Each structure stands twice: as structure tokens, then as C-alpha cells.
Visitor: 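Please see the structure below; I have some questions.
What you are looking at is a predicted structure, and each value in this text was computed from that prediction instead of being measured. Note: hydrogens, waters and symmetry copies are ignored here, and every other heavy atom, side chains too, is used. Numbering starts at 1 and runs along the sequence shown.
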Amino acid sequence: MASEFFILGLTTDGKQFRPSDWADRLCGVMSCFRPAGTGGRNAHLQYSPLVRPTMLNGVKAVLVDEGLKEIEPMAYHFVRQFAIDNKLQVIDAANPQPAAQKS
């Protein structure tokens with residue numbers, strides 16, 4: 001079973017990431033990357049089951065299934081690099097720690 005990780009909408013110094021719809025935008029870009037046979041006729045209108053927006057402790061987040069790496073390594077690298085470039089917190093979904101948010 002592939003593991004998962006969260007990209008939080010908080011920078012490494014605890015500031016809220018902007019724009020406020022960043023998670024929806026990132027997941028929209030990644031919507032075409034999905035396991036074979038999923039999505040059906042309207043797959044282009046749905047988020048990928050491998051990269052989906054969520055909330056974690058009241059903070060916007062994106063849950064990424066590492067199975068994305070098997071389907072499309074470049075897409076996986078893009079998501080990881082997005083978090084690095086924007087200095088976003090990344091945490092293991094199997095052991096999520098509460099996010100500390102600064103005002």
C-alpha cells in the first residue's frame with residue numbers, strides 16, 4: 001500500500017500560504033493523473049484520487065498518495081517541488097502532527 005503525505009497551507013515559518021485557493025488550483029492541475037480505470041467519462045471534472053484537497057487541523061492542505069510516483073514520476077516531482085519552492089510544511093499522513101499557525 002502506498003503511503004501518503006500532506007502539504008499544508010502553512011510555510012515552514014508558520015505563515016498562511018496564499019492565495020487562499022492554492023490547494024484547489026494544485027489539485028486541479030494534477031486531476032489528470034490517476035490510476036488506470038478510474039474517473040470514467042467525466043474524469044476531467046474530478047480531482048485525482050492521488051492528489052486531493054483537504055483540511056488538517058483547520059488548515060488547508062493537499063493529501064498526496066505516493067502512488068503518483070509510479071503513475072507519473074514527473075507529476076510527483078512537480079508536487080514535491082511545489083512544496084519546496086513555496087517553503088510549505090510537508091508531513092507524513094501516517095503520523096500527522098498538529099500544525100502550529102501564527103497570526
Side-chain angles (χ1 to χ4, degrees):
M1 184 169 130
S3 61
E4 298 175 317
F5 62 90
F6 290 100
I7 300 174
L8 296 180
L10 293 176
T11 61
T12 54
D13 62 359
K15 294 180 182 170
Q16 188 171 11
F17 183 63
R18 298 280 183 214
S20 61
D21 66 344
W22 73 271
D24 298 312
R25 290 182 186 200
L26 178 60
C27 292
V29 168
M30 304 306 293
S31 66
C32 63
F33 301 106
R34 58 182 62 248
T38 64
R41 190 175 104 184
N42 293 318
H44 65 287
L45 301 175
Q46 304 167 3
Y47 292 126
S48 168
L50 302 174
V51 184
R52 55 195 189 277
T54 190
M55 296 287 284
L56 182 65
N57 300 321
V59 176
K60 284 190 179 189
V62 171
L63 181 61
V64 180
D65 186 314
E66 291 200 11
L68 177 64
K69 188 179 349 180
E70 301 300 317
I71 292 171
E72 181 50 67
M74 290 179 67
Y76 178 82
H77 175 74
F78 173 83
V79 170
R80 281 289 199 177
Q81 197 61 47
F82 176 86
I84 292 167
D85 291 347
N86 291 290
K87 299 180 174 80
L88 298 177
Q89 296 179 27
V90 176
I91 59 172
D92 184 357
N95 189 22
Q97 298 297 318
Q101 186 172 7
K102 293 183 181 178
S103 300

Visitor: Considering only heavy atoms from C-beta outward, does the side chain of Tyr76 approach that of Ile71 to under 4.5 Å?
Guide: no
Visitor: Any donor-acceptor pair under 3.5 Å linking the side chain of Gln89 with the backbone of Thr11?
Guide: yes
Visitor: Can you tell me how far CG of Leu10 sits from CG of Asn57, rounded to the nearest 0.5 angstrom?
Guide: 10.0 Å
Visitor: Could you pull out all residues at least two apart from Asp24 that satisfy salt bridge (Lys or Arg N to Asp or Glu O under 4.0 Å)?
Guide: none
Visitor: What heavy-atom pair brings Ala61 and Trp22 nearest, and what distance separates the two atoms?
Guide: CA-CZ2, 4.1 Å
Visitor: Which residues pass the side chain to side chain donor-acceptor pair (under 3.5 Å) test with Thr54, sequence neighbours left out?
Guide: none
Visitor: Should Lys60 and Met55 count as side-chain neighbours, where that means a heavy-atom distance under 4.5 Å?
Guide: yes
Visitor: With heavy-atom distances below 4.5 Å as the criterion, would you say the side chains of Met74 and Phe33 are in contact?
Guide: no
Visitor: Just wondering, do Phe78 and Leu68 contact through their side chains at under 4.5 Å, heavy atoms?
Guide: no
Visitor: Report yes if some heavy atom in the side chain of Arg52 is under 4.5 Å from a heavy atom in the side chain of Gln46; otherwise report no.
Guide: no
Visitor: Kindly give the heavy-atom pair with the smallest separation between Arg80 and Val90, and that separation in Å.
Guide: NH1-CG1, 3.4 Å
Visitor: Hey, are the side chains of Lys87 and Asp13 touching, using non-hydrogen atoms and a 4.5 Å cut-off?
Guide: no
Visitor: At what distance, to the nearest 0.5 angstrom, does CG of Leu56 lie from CG of Leu8?
Guide: 5.5 Å
Visitor: Can you name the residues that form a side-chain contact (heavy atoms from CB on, under 4.5 Å) with Pro73, not counting sequence neighbours?
Guide: none
Visitor: Using 0.5 Å steps for rounding, measure from the CZ atom of Phe5 to the CG atom of Asp92.
Guide: 10.0 Å
Visitor: Could you check whether any side-chain heavy atom of Cys27 comes within less than 4.5 Å of a side-chain heavy atom of Val62, counting everything from C-beta outward?
Guide: yes
Visitor: What closest approach, in Å, do Asn86 and Phe82 show between heavy atoms, and which atom pair accounts for it?
Guide: ND2-O, 2.9 Å
